[in-house]
Amino acid sequence: MLCESGFVVPDAAVHTLVTMLALSESHGRHPGIAQLAAVAEPGSLADFAWGLFEAWMFSGLANGGIWVMQALALFGDDETAWRLEPIIRSWYYSAGSPAEAALRVLVAIDSDASLTVLHRISQQAKAKAFKKHASVAVRQITDARGLTNEEFADRLVPDFGLRETGAMIVDYGTRAFLVRIDQRLCPLVFDAVPDDCGGWAAAGSRKVLPRPTAKDDQDKAVPAYQDHTAFKEILKTTAADQTKRLEQAMVSGRRWSSAVHQRLFVEHPLMQHLARRLVWVIVDEAGEVTGSFRIAEDGSRADINDEVVELADDTLVGVAHPVHMGQSTREWANLFADYEILAPFQQLERPWWTADSPGFADALDRLAGRTVRTGTVLGLKRFDWRWQETGGGLVTRLRRTLRDNVHAEITIDPGLWMGALHDDEKQTITRATLTVPD
């Protein structure tokens, strides 16, 4: 389909395109392909490439089909990546299968969706050699984009297919259910009824998804119920992990451009629920906070007076820490209380100190001599504390970078023995220090 006119490309032109794609395998990419791609609707080209791919698979993966994979690489989109995933999994152990070519298709698509699929394959593939190939493909994309580990993790948050409508359908054949996500990232289940647009609408709510009965289509209902059970477990883990990541982003002062923030938090069907329960700050090039906002229900950014905040794509934003907000911290706390917004972790009421705060040095001194459970010390790793091994497998120091050249450090006794971390039930903090540059 052409972009401007909406006209469908005639059959003769489609035949010519197929010929150009097939010839590209041995003669290099035909210039006419780029010309068509410039005027055709991208989604229709992706559907066309997928149709070729399905026809090739139906033919039994006939010889000479590499050009079909090249077509997927040229025209594929996010939907292509999602569709490829189960097929690639079925090819893990198939001799002579084009699984590695499919990995190259995902690298060529080079989107957050293809990166997510590649990462899942690299983690879950049973065939070691193929798992290694997938890991290399992941690194190709992350290196080309220059992504840090945290930026990479941002792009791996699953959307569970909720991006289009904000809901998923669980089909039992004789009846269906609609599942949405609430602000705590918990699933909400509704009876689903057909609407006037050919979709589904929510009717009565249910506490949980009911088990299939003898009246349901067993071929549909049983796997659908099992998929929903697995989805709940993954959702629970995802909610916990992303809450911790956002808290760590607040503490470490991590920043995103407004454009990236829009994609990763405002528009993401899961992360938007967590993001709406936080205050965010606007930061200038010098790292100074110049304003704050929340994400309203309609996805707009609103300030403390509920006025819309417009941001340029390159404006830096981050999770607000009360140490940077001054008097507005109390104002935001009052607004959130009025709107009954509960933060996913302690944000506005969070206690804080600076190096020159009265009593800060005394607070550090009071840590010395305190005894804590070994499990508590081990749990510090979740908050980016690094173990400082002293030799022989013994860890007696833990260190954390708070900001550039600002480090916190604690020493413990008797310490943690690598390979026998729980031999000692308790640890005593012998010293706590904070290193701040002059």
Side-chain angles (χ1 to χ4, degrees), residues 24 28-29 33-34 37 42 46 49 66 69-89 91-92 97-159 163 238 241-242 244-246 248-249 252-265 267-268 270-271 283 285 287 313-319 381-382 384 386 401 403-404:
S24 295
R29 188 180 304 176
I33 296 174
I66 294 301
M69 302 296 283
Q70 291 174 343
L72 278 183
L74 283 171
F75 303 137
D77 56 12
D78 285 355
E79 185 64 25
T80 305
W82 301 129
R83 288 173 167 180
L84 270 178
E85 183 174 9
I87 296 171
I88 293 174
R89 291 180 185 279
W91 283 342
Y92 282 166
S97 74
E100 290 184 29
L103 294 183
R104 291 193 290 273
V105 169
L106 293 174
V107 172
I109 291 174
D110 190 17
S111 67
D112 289 350
S114 66
L115 183 58
T116 300
V117 171
L118 279 170
H119 180 260
R120 279 204 292 255
I121 292 171
S122 72
Q123 297 297 304
Q124 300 170 7
K126 303 302 182 183
K128 290 184 178 180
F130 190 70
K131 188 173 184 177
K132 182 178 180 180
H133 288 309
S135 297
V136 170
V138 168
R139 186 51 56 192
Q140 282 182 274
I141 294 181
T142 56
D143 286 351
R145 292 196 194 180
L147 298 177
T148 66
N149 289 338
E150 278 299 312
E151 290 169 337
F152 178 38
D154 283 341
R155 288 152 177 79
L156 297 180
V157 183
D159 64 13
R163 192 173 291 276
T238 300
D241 289 345
Q242 297 310 313
K244 291 173 186 174
R245 290 187 66 240
L246 282 170
Q248 178 60 27
S252 64
R254 192 168 169 223
R255 307 298 183 224
W256 296 265
S257 71
S258 175
V260 172
H261 178 263
Q262 178 76 21
R263 186 174 74 253
L264 297 181
F265 297 102
E267 297 175 356
H268 195 282
L270 259 68
M271 295 305 293
V283 183
E285 293 181 356
D313 286 348
D314 60 352
T315 302
L316 294 180
V317 301
V319 182
K381 226 176 177 185
R382 292 187 293 109
D384 212 27
R386 305 300 181 193
T401 300
R403 300 192 69 176
D404 292 343

Not counting sequence neighbours, which residues clear side chain to side chain contact (heavy atoms under 4.5 Å, CB included) with Ser257? List them please. Ala259, Val260

Pairing residues for Arg120 by the side chain to side chain contact (heavy atoms under 4.5 Å, CB included) criterion, not counting sequence neighbours: Trp82, Glu85, Arg89, Thr116, Val117, Gln124

Nearest 0.5 Å please: distance from the [atom1] atom of [X] over to the [atom2] atom of [Y].
X	Y	atom1	atom2	result
Met271	Arg263	CE	CZ	13.5 Å
Trp256	Leu264	CH2	CG	8.5 Å
His268	Asp159	NE2	CG	5.0 Å
Ile121	Ile88	CD1	CD1	4.0 Å

What's the shortest heavy-atom distance between [X] and [Y], and which atoms?
X	Y	answer
Ala134	Leu103	N-CD1, 3.8 Å
Val319	Arg255	O-NH1, 4.2 Å
Asp77	Ala46	OD2-CB, 3.4 Å
Leu118	Ala137	CD2-CB, 3.8 Å
Asp78	Ser111	OD1-OG, 2.7 Å
Ala73	Ala108	CB-CB, 3.6 Å

Go through the structure and list residues passing side-chain hydrogen bond (donor to acceptor under 3.5 Å, both in side chains) with [X], not counting sequence neighbours.
X	result
Thr238	none
Arg386	Asp384
His119	none
Gln242	Arg245

Examine distances only and state if a side-chain atom of His261 and a backbone atom of Asp313 form a donor-acceptor pair shorter than 3.5 Å.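 No, the answer is negative, given that no donor and acceptor are paired below the 3.5 Å cut-off.
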
Asp143: what forms a salt bridge (Lys or Arg N to Asp or Glu O under 4.0 Å) with it, not counting sequence neighbours?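 For Asp143 the salt bridge (Lys or Arg N to Asp or Glu O under 4.0 Å) partners, ignoring immediate neighbours, are Arg139.
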
The salt bridge (Lys or Arg N to Asp or Glu O under 4.0 Å) partners of Arg145 (sequence neighbours excluded) come to Asp110, Asp112

When you look at Leu106 and Ile141, which way does the side-chain contact (heavy atoms from CB on, under 4.5 Å) test go after all the steps? CA-CA 9 Å; Leu106 293 174; Ile141 294 181; 5.9 Å; no

Residues Arg155, Glu151: salt bridge by 4.0 Å N-O rule: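 So Arg155 does not pair with Glu151 through a salt bridge.
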
Is any side-chain N of the basic residue among Arg254 and Asp154 closer than 4.0 Å to the acidic one's carboxylate O?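 Salt bridge between Arg254 and Asp154, a charged N being under 4.0 Å from a carboxylate O: yes.
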
Just wondering, do Leu115 and Thr142 contact through their side chains at under 4.5 Å, heavy atoms? yes

Taking the six-membered ring for Trp, is the centroid-to-centroid distance between Phe130 and Trp91 below 6.0 Å?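 Not under 6.0 Å, so no.
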
